[in-house]
Amino acid sequence: MASTVQSRISKTAGKPIRCRAAVARKAGEPLVIEEVIVAPPKAHEVRLKIICTSLCHTDITLWKLKEFPGCFPRILGHEAFGVVESVGEDVDELKEGDSVVPIFLPDCMDCVDCKSKKSNLCSKFPIQSSLLLHRDDTSRFTNAEGETLHHYLYISSFSEYTVVDVVNVTKIDPEIPPNRACLLSCGVSTGVGAAWKTANVEPGSTVVIFGLGSVGLAVAEGARLCGATRIIGVGRNSDKFEIGKQFGVTEFVNSKSCGDKPVSQVIIEMTNGGADYCFECVGLGTLVQEAFACCRKGWGKTIVLGVDKPDAQLNLNSFEVLQSNKTLMGSFFGGLKPKSDVPILVKRYLDKELELDKFVTHEVNLEDINKAFDLLIQGKSLRCVIWMDK
């Protein structure tokens, strides 16, 4: 695959490329397959040939928004696998033909945060709700009429070609299949990383996961890899338990069947005092409070992964926070450093430790991308992979 791309470099490097893209033109309306023009990469940028991409709930959320950070016309998509087609000036870490995953979280490897083992939040390129690229706030996408198309999360992978800053590109082992590599761009890495890096789940521990969507199931997979003995899923749909079993979930609590008891009290009784680790993967402040309530006093950790509304507030008792000696923390992209930790996950997949295959429930071609949206909205898929080639 890489050699095929390399053979085309002399024809395309330094020149605009015309290709297909799925363009979001209005909030909530079906994406339109259009011919777009992708400019050559500027300094510190690479142009990628996207082989396949997968659909994440974040794509759905931004696609529905009528007001900022929703914006149209726009090329969505941020979970992908690609091959470097060409590089701009001052790019040393990547070359034409490299297999890569673009990742929305920047990793400059140079600022104090990127050099520290304590953070994965780049201070040189802080993540923002930008519609353009990092360094010059311009777009690399236009259509045949010259209309500017906006970027999305610095990636815009619903296009056969895209331009991405090097801080958002991670080189990986080309042996991993494209339709598995793309999963590591966001959701699966976030969940697995939250158990592995953020919580540092210990062997023999008890884990509770609020919400068994793709991220919650990825937390279960991460907890399984870490050696957790009990992995308890919490949700409103008991059918999720059957799916969860494939990812290591050992027990399930239906929050609608707890009677007069708060679900946190049910968990405390099940675990004889509370869980070692609780993960909130839905994005509701009330569930964060429930998760914090049922993690064990003295050493319990509550990890927040779900994305709530920007103005959402938590209501915690200050005295309980002091007296219980628990930990409450966030986990952005699972605490992973993209350029160093994602290649480790790739290796663990190739070594048959990390199980990615079970996350892919559907695969479609680019022209059927709206079917992928329907499947995810209807709750019928975990991850739908979208292939660029017909």
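Keep in mind that what you see is a predicted model, and the values were worked out from it rather than measured.
The side chain to side chain contact (heavy atoms under 4.5 Å, CB included) test applied to Q246 returns K358, not counting sequence neighbours. C71 is linked by a side chain to side chain contact (heavy atoms under 4.5 Å, CB included) to R74, L131, H150, counting only residues two or more places apart in sequence or in another chain. Here L284 pairs with E280, V282, T286, L287 under the side chain to side chain contact (heavy atoms under 4.5 Å, CB included) rule; sequence neighbours left out.
Heavy-atom contacts from other residues, nucleotides or ligands closer than 6.0 Å to CZ of R236 number 12 or fewer.
Of the options D98, L94, N168, a side-chain contact (heavy atoms from CB on, under 4.5 Å) to V46 is made by L94 and by none of the others.
Hydrophobic cluster membership of F72, counting Ile, Leu, Val, Met, Phe, Trp and Tyr whose side-chain heavy atoms lie under 4.5 Å apart directly or via other members: none, as it forms a cluster of its own.
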Side-chain donor-acceptor pairs of residues 27-34 under 3.5 Å, sequence neighbours excluded:
| residue | atom | partner | partner atom | Å |
| --- | --- | --- | --- | --- |
| E34 | OE1 | R25 | NH2 | 3.2 |
| E34 | OE2 | R25 | NE | 2.6 |

Would you mind writing out the side-chain donor-acceptor pairs for residues 374-382 within the sub-3.5 Å range, not counting sequence neighbours?
| residue | atom | partner | partner atom | Å |
| --- | --- | --- | --- | --- |
| Q378 | OE1 | K380 | NZ | 3.2 |

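Remark: the E79 side chain and the S185 side chain contain no N/O donor-acceptor pair separated by less than 3.5 Å. Side-chain contact annotation: N325 with W299, donor-acceptor N/O pair under 3.5 Å absent. Residues R140 and T138 bring a donor and an acceptor atom of their side chains to less than 3.5 Å of each other. For the residue pair S214 and R383, a side-chain donor N or O sits within less than 3.5 Å of a side-chain acceptor on the partner.
Under the 4.5 Å side-chain heavy-atom criterion for grouping Ile, Leu, Val, Met, Phe, Trp and Tyr, Y277 is not connected to I232 through any hydrophobic cluster.
Looking at E160 and K49, no side-chain N of the basic residue comes within less than 4.0 Å of a carboxylate O on the acidic one, giving no salt bridge. Between E45 and K42, no side-chain nitrogen of the basic residue sits less than 4.0 Å from a carboxylate oxygen of the acidic one, so the salt-bridge criterion is not met.
Although no hydrogens or angles enter the test, the distance criterion places no donor-acceptor pair under 3.5 Å between the side chain of N200 and the main chain of K197. Without hydrogens or angle criteria, K337 side chain to S119 main chain gives a donor-acceptor distance under 3.5 Å.
V263 has its side chain within reach of F210: a pair of non-hydrogen atoms, C-beta onward, lies under 4.5 Å apart.
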